[in-house]
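What follows is a single structure, written as structure tokens, with notes after it.
Proteins come first, then strands; the chains are lettered A, B, ... in the order of their sequence lines, and each starts at number 1. Model, not experiment: these values are computed from the prediction.
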Amino acid sequence: MREGIPTCISHLASFIFEVFMDDFLARFNEQEQQRHQKTIRLRERGVNPYPLRATRTHTARQTIDAFTRGENLSGVKLVGRLVALRDMGKLSFAHIQDGSAKIQLMFRKDAVGADNYAMLLKDFDLGDFIGAEGDVVRTKTGEITLQVARFELLAKTLSPLPEKWHGLKDTETRYRQRYLDLLSNEQAREIFAKRSKIVTAMRKYLDERGFVEVETPVLQPLYGGGAAEPFVTHHNKLDRDMYLRIADELYLKRLLVGGIERVYEISKDFRNEGIDFKHNPEFTMMECYQAYGDYTTMMTLVEELYAACALAANGTLQITYQGHAIDLTPPWPRATMRDLILKMSGVDIYADADLPSLERRVEELNLKIERQRTWGKTVDELFSAFVEPTLIQPTFVMDYPEEISPFAKKKPDTLRARVVERFEAFSLNMELGNAFTELNDPLDQYARFMEQAELRNAGDKEAHPIDLDFVEALMHGMPPTGGLGVGVDRMVMLLTDQSSIREVILFPQLRT
RNA sequence: GGGGCGGUAGCUCAAUUGGCAGAGCAACAGCCUUUUAAGCUGUGGGUUCAGGGUUCGAUUCCCUGCCGCCUCACCA
């Protein structure tokens, strides 16, 4: 009697399971129903549609390379996804795709046995993972082919895959079900393979120059290091709001105070802003800092870094981006923001070094730009409107307004203009990098925070919050330092010729 | 947030002025021992994004919503 209770419960459980399962199966489309029936048939004849293990002796690529070298290949075991099957009657050709390449298989009815041959044609589907063993031969048309002696199912696929010829085009499905994009579109696989090579090359470049890779907090009590709105989250036990980082800067510079002379981090930053073809709410940033360097040190570093990554991805420094030929060969041209703005708009920002006179000048010249709150933002607006679109080849733009650069050191000899040692590199309206001669004067840093606080009070949501903990770190002494930030996604876009950031992020943010 | 374009079979795409919702691939049943998007014969498959409206009749016209793309604005 006591034993009856668990039995009863287990019957109930299996009953509930079947109800849910029936409901689930009922939602299958025609082809999924058919494939499910095949799975049942396979089980009935003793074939496990999802065996625990697979063995292989060669990848497709290794097989093709070895055969091409003239090796005699027998007893080769290949695995992969069945992507094409051409039934000729007593003979069938198939292609399987593994992680390395596509390779043809030949199934002969007399070689594999009538029953097995019938099972292949009746119960195997495109998309299934299979394993096959046999000798490698060349067919009449010259294609390197595995002549199959034995084969097995490695994993049954229930849903049909996108069409072989056109692939998957629907952008929404491509992003939401990236696996379908990857398995049906060669180009998608190439982009992410290149992305991996680029990041590897970046690490190699930095590691070889003595930079130490570190990890700093993503979850922060106070965000900072850039001008952006953060994501806010909440820690329940501490009962306090926390922020997802918008930049790594302030933590990395604390490490310079701690004596790490060269440091970098490649990591996700999060910004609570609009989503478009060049902005994803989470994106990958590389930041690095070099003690006893300055922004000119970082210019050399960034152009070499791009060169190293371009070579790793494409084997060349001559790239094409959206129809424009770009030459990444160092050194890149350098120009001050002042000279570029003067040339393109006729405004000398050093002569009109405060907001009222700059606005008067803009009005005199009848320049159409949005009104800004500060001199620095107006300068930036002039730059964006008149200079940035003209920069096709990679160009260093040097010496930015202090008001939009709260962590960069002041530049001497700029007349009355408040300018700092900062550069951004631009090409085709893309920012390739952003670097400063880092501010290490704690009192100046405090003053900058106060200035940001005023902007904040005036309603600028992106003004930087005060970080006294960081000021305290600077009070303990930070060496003169050059610092650099590079948007990794943007770099990958440039080096893979993609116009949308969503093409270089595996799972980009879409509306939920 | 503004403007424009789009959402049709598992996938890629058609559908005339508002008049039976189609093709190729995939699937299913066959034929075929050297194919390469194999070929041939036959068959099945639709909440036309969702909801409402106009109409004898809506994939088509109108409204609302959802989603995507482009663009402008915002934004490193």
Side-chain angles (χ1 to χ4, degrees), chain A residues 28-35 37-38 82-95 102-112 117 121-123 125-127 137-145 147 157-177 180-181 183-185 225-229 246-247 249 269 271-281 283 285 370 372 377 380-381 383-384 388 397 400 404-405 422 424-426 429-434 460-462 464 485-487 489-490 499-503 508 510-512:
Chain A
F28 280 18
N29 66 36
E30 185 190 33
Q31 292 192 43
E32 288 165 344
Q33 303 275 10
Q34 285 166 352
R35 286 171 178 231
Q37 288 309 312
K38 293 177 182 185
L82 190 61
V83 292
L85 181 61
R86 296 179 291 279
D87 168 18
M88 312 283 302
K90 296 184 184 65
L91 169 73
S92 292
F93 291 95
H95 275 94
K102 216 189 267 188
I103 190 167
Q104 182 166 262
L105 308 183
M106 177 166 59
F107 295 87
R108 291 168 54 170
K109 188 175 178 179
D110 53 13
V112 299
Y117 190 75
L121 297 180
K122 205 164 165 48
D123 292 336
D125 287 296
L126 297 187
V137 299
R138 228 181 247 282
T139 59
K140 278 182 184 170
T141 53
E143 181 162 351
I144 295 167
T145 299
Q147 188 163 300
T157 300
L158 289 179
S159 300
L161 300 182
E163 196 219 353
K164 59 188 170 190
W165 188 243
H166 297 93
L168 180 67
K169 289 190 172 169
D170 182 76
T171 48
E172 186 175 355
T173 310
R174 286 184 49 234
Y175 299 152
R176 288 191 194 278
Q177 295 174 269
L180 294 177
D181 188 31
L183 68 87
S184 57
N185 297 327
E229 277 194 70
I246 60 168
E249 173 141 359
D269 288 348
R271 298 190 182 181
N272 207 340
E273 291 159 0
I275 299 172
D276 64 27
F277 68 97
K278 57 163 80 167
H279 296 88
N280 198 59
F283 59 100
M285 181 69 96
E370 296 271 319
Q372 302 294 324
K377 290 199 170 199
D380 197 34
E381 184 70 17
F383 176 77
S384 300
E388 201 182 316
V397 179
Y400 276 63
I404 57 171
S405 315
R422 170 186 182 183
E424 293 188 315
F426 286 95
N429 277 319
M430 285 224 286
E431 179 202 312
L432 306 183
N434 178 22
D460 185 351
K461 282 183 177 173
E462 298 193 341
H464 204 287
V486 172
D489 311 285
R490 302 267 177 92
S499 61
S500 170
I501 197 168
R502 298 181 197 102
E503 296 294 343
L510 303 176
R511 283 203 190 208
T512 46

(request) Grab the CG-C1' distance between A:Leu91 and B:rC32 for me, whole Å please. (result) 10 Å
(request) Using whole Å, report how far CZ of A:Arg108 lies from C1' of B:rU35. (result) 14 Å
(message) Rounding to an integer number of Å, can you tell me how far A:Glu163 CD sits from B:rA23 P?
(response) 15 Å
(request) Could you tell me which residues satisfy salt bridge (Lys or Arg N to Asp or Glu O under 4.0 Å) with A:Lys109, sequence neighbours excluded, listed by chain and number? (result) none
(request) Using the P atom as the reference point in each nucleotide, state the distance between B:rA21 and B:rU41 in Å, no decimals. (result) 26 Å
(message) What's the gap between B:rC49 and B:rA58 when it is taken at their C1' atoms, as a whole Å value?
(response) 16 Å
(request) Measure the distance from CG on A:Leu82 to C1' on B:rA26 and round it to the nearest whole Å. (result) 13 Å
(message) With a 3.5 Å limit on both atom pairs, tell me what B:rG30 is paired to, counting Watson-Crick and G-U wobble, or say none.
(response) B:rC40
(message) Using atom C1' in both nucleotides, what's the gap between B:rG22 and B:rU48 to the nearest angstrom?
(response) 12 Å
(request) List in chain and number order the residues that pass side chain to side chain contact (heavy atoms under 4.5 Å, CB included) with A:Lys102, two or more places apart in sequence or in another chain; answer none if no residue qualifies. (result) A:Val83, A:His95, A:Gln97
(message) When you compare the side chain of A:Pro281 with that of A:Ile275, does any pair of heavy atoms fall below 4.5 Å?
(response) yes
(message) Keeping A:His464 on the side-chain end and A:Ala227 on the backbone end, is there a donor-acceptor pair under 3.5 Å?
(response) no
(request) Take nucleotides 67-74 of chain B nucleotide by nucleotide from the 5' end and write B, S or -, depending on whether a protein heavy atom sits under 4.0 Å from the base, only from the sugar-phosphate, or from neither. (result) SSSSS--B
(message) Using a heavy-atom cut-off of 4.0 Å across all strands, would you classify A:Gly167 as base, sugar-phosphate, or nothing?
(response) sugar-phosphate
(request) Applying ring pair (Phe, Tyr, Trp, His ring centres under 6.0 Å), name anything that partners A:Phe28, two or more places apart in sequence or on another chain. (result) A:Phe24
(request) Could you pull out all residues at least two apart from A:Asp181 that satisfy salt bridge (Lys or Arg N to Asp or Glu O under 4.0 Å)? (result) A:Arg174, A:Arg178
(request) Starting from the 5' end of RNA chain B, give me the residue, A:Phe93 or A:Tyr400, whose nearest nucleotide shows up first. (result) A:Phe93
(message) With rounding to the closest Å, how many angstrom separate the P atoms on B:rC5 and B:rC62?
(response) 11 Å
(message) Checking contacts here: which listed nucleotide (B:rA26, B:rU35, B:rA29) is nearest the side-chain heavy atoms of A:Lys122?
(response) B:rA29
(request) Measure the distance from CG on A:Asp170 to P on B:rA9 and round it to the nearest whole Å. (result) 10 Å
(request) May I ask you to say what A:Glu424 touches in the nucleic acid, namely base, sugar-phosphate or nothing, with a heavy-atom cut-off under 4.0 Å? (result) base
(message) With rounding to the closest Å, how many angstrom separate the C1' atoms on B:rC13 and B:rC72?
(response) 31 Å
(request) Quote, to the nearest angstrom, the C1' distance that separates B:rG46 from B:rA15. (result) 14 Å
(message) When the C1' atoms of B:rG19 and B:rU60 are compared, how many Å lie between them, rounded to an integer?
(response) 11 Å
(request) Between A:Ile404 and A:Gly142, name the one whose nearest nucleotide on RNA chain B is closer to the 5' end. (result) A:Gly142
(request) In whole angstrom, give the distance that lies between atom CH2 of A:Trp165 and atom P of B:rC25. (result) 13 Å
(message) Could you work out, with side chain to side chain contact (heavy atoms under 4.5 Å, CB included) as the rule, every residue matching A:Ala94, not counting sequence neighbours?
(response) A:Leu82, A:Leu85, A:Leu105, A:Phe107
(message) A side-chain contact here means heavy atoms from C-beta on lying under 4.5 Å apart; do A:Phe283 and A:Arg490 qualify?
(response) no
(request) Report the residues that fulfil salt bridge (Lys or Arg N to Asp or Glu O under 4.0 Å) with A:Asp380, sequence neighbours left out, ordered by chain and then residue number. (result) none
(request) Starting at atom CE of A:Met106, determine the distance to atom P of B:rU34, rounded to an integer number of angstrom. (result) 10 Å
(message) Considering every strand and a 4.0 Å limit on heavy-atom distances, what is the contact class for A:Lys38: base, sugar-phosphate, or nothing?
(response) sugar-phosphate
(request) Quote, to the nearest angstrom, the C1' distance that separates B:rC40 from B:rG53. (result) 50 Å
(message) For a quick check of understanding: with a heavy-atom distance under 4.0 Å over all strands, which category does A:Glu273 fall into, base, sugar-phosphate or nothing?
(response) sugar-phosphate
(message) Is it the case that the base of B:rU35 and the side chain of A:Gln104 share a donor-acceptor contact (distance under 3.5 Å, atom types as modelled)?
(response) yes
(message) Please name the nucleotide paired to B:rU59 by Watson-Crick or G-U wobble geometry with both distances under 3.5 Å, or report none.
(response) none
(message) Need one value for A:Arg271: base, sugar-phosphate or nothing, where a base atom within 4.0 Å counts as base even if backbone is also close, heavy atoms only.
(response) sugar-phosphate
(message) Please enumerate all residues that pass side chain to side chain contact (heavy atoms under 4.5 Å, CB included) together with A:Glu388, with sequence neighbours excluded.
(response) A:Phe383, A:Ser384, A:Phe426, A:Asn429
(request) To the nearest Å, give me how far apart CG (A:Asn29) and C1' (B:rA26) are. (result) 11 Å
(message) Holding to side chain to side chain contact (heavy atoms under 4.5 Å, CB included), I want the full list of residues that pass it with A:Asn29, two or more places apart in sequence or in another chain.
(response) A:Gln31, A:Glu32
Tabulate atom names and distances for all N/O pairs under 3.5 angstrom spanning the protein and nucleotides 43-46 of chain B.
from: B:rG44; atom 1: N2; to: A:Glu30; atom 2: OE1; distance (Å): 2.6

(message) Pair A:Asp110, A:Lys90 - check side chain to side chain contact (heavy atoms under 4.5 Å, CB included), show working.
(response) CA-CA 8 Å; A:Asp110 53 13; A:Lys90 296 184 184 65; over 6 Å; no
(message) Measuring to OP1 and OP2 of B:rU33, would you say a side-chain N or O of A:Lys140 lies under 4.0 angstrom away?
(response) no
(request) Using Watson-Crick or G-U wobble geometry with both distances below 3.5 Å, tell me the partner of B:rC5, or none. (result) B:rG68
For nucleotides 38-41 of chain B, which of its nitrogen or oxygen atoms have a protein nitrogen or oxygen under 3.5 Å away, and what is each distance?
from: B:rA38; atom 1: OP1; to: A:Lys164; atom 2: NZ; distance (Å): 2.4
from: B:rA38; atom 1: OP2; to: A:Arg86; atom 2: NH1; distance (Å): 3.1
from: B:rA38; atom 1: N6; to: A:Asp87; atom 2: O; distance (Å): 3.2

(request) Apply salt bridge (Lys or Arg N to Asp or Glu O under 4.0 Å) to A:Asp276 and list each qualifying residue two or more places apart in sequence or on a separate chain. (result) none
(request) Side-chain contact test, heavy atoms from C-beta onward, threshold under 4.5 Å: evaluate it for A:Lys461 versus A:Asn272 and give yes or no. (result) no
(request) Tell which nucleotide pairs with B:rC25, taking only Watson-Crick or G-U wobble pairs whose two distances are both under 3.5 angstrom. (result) B:rG10
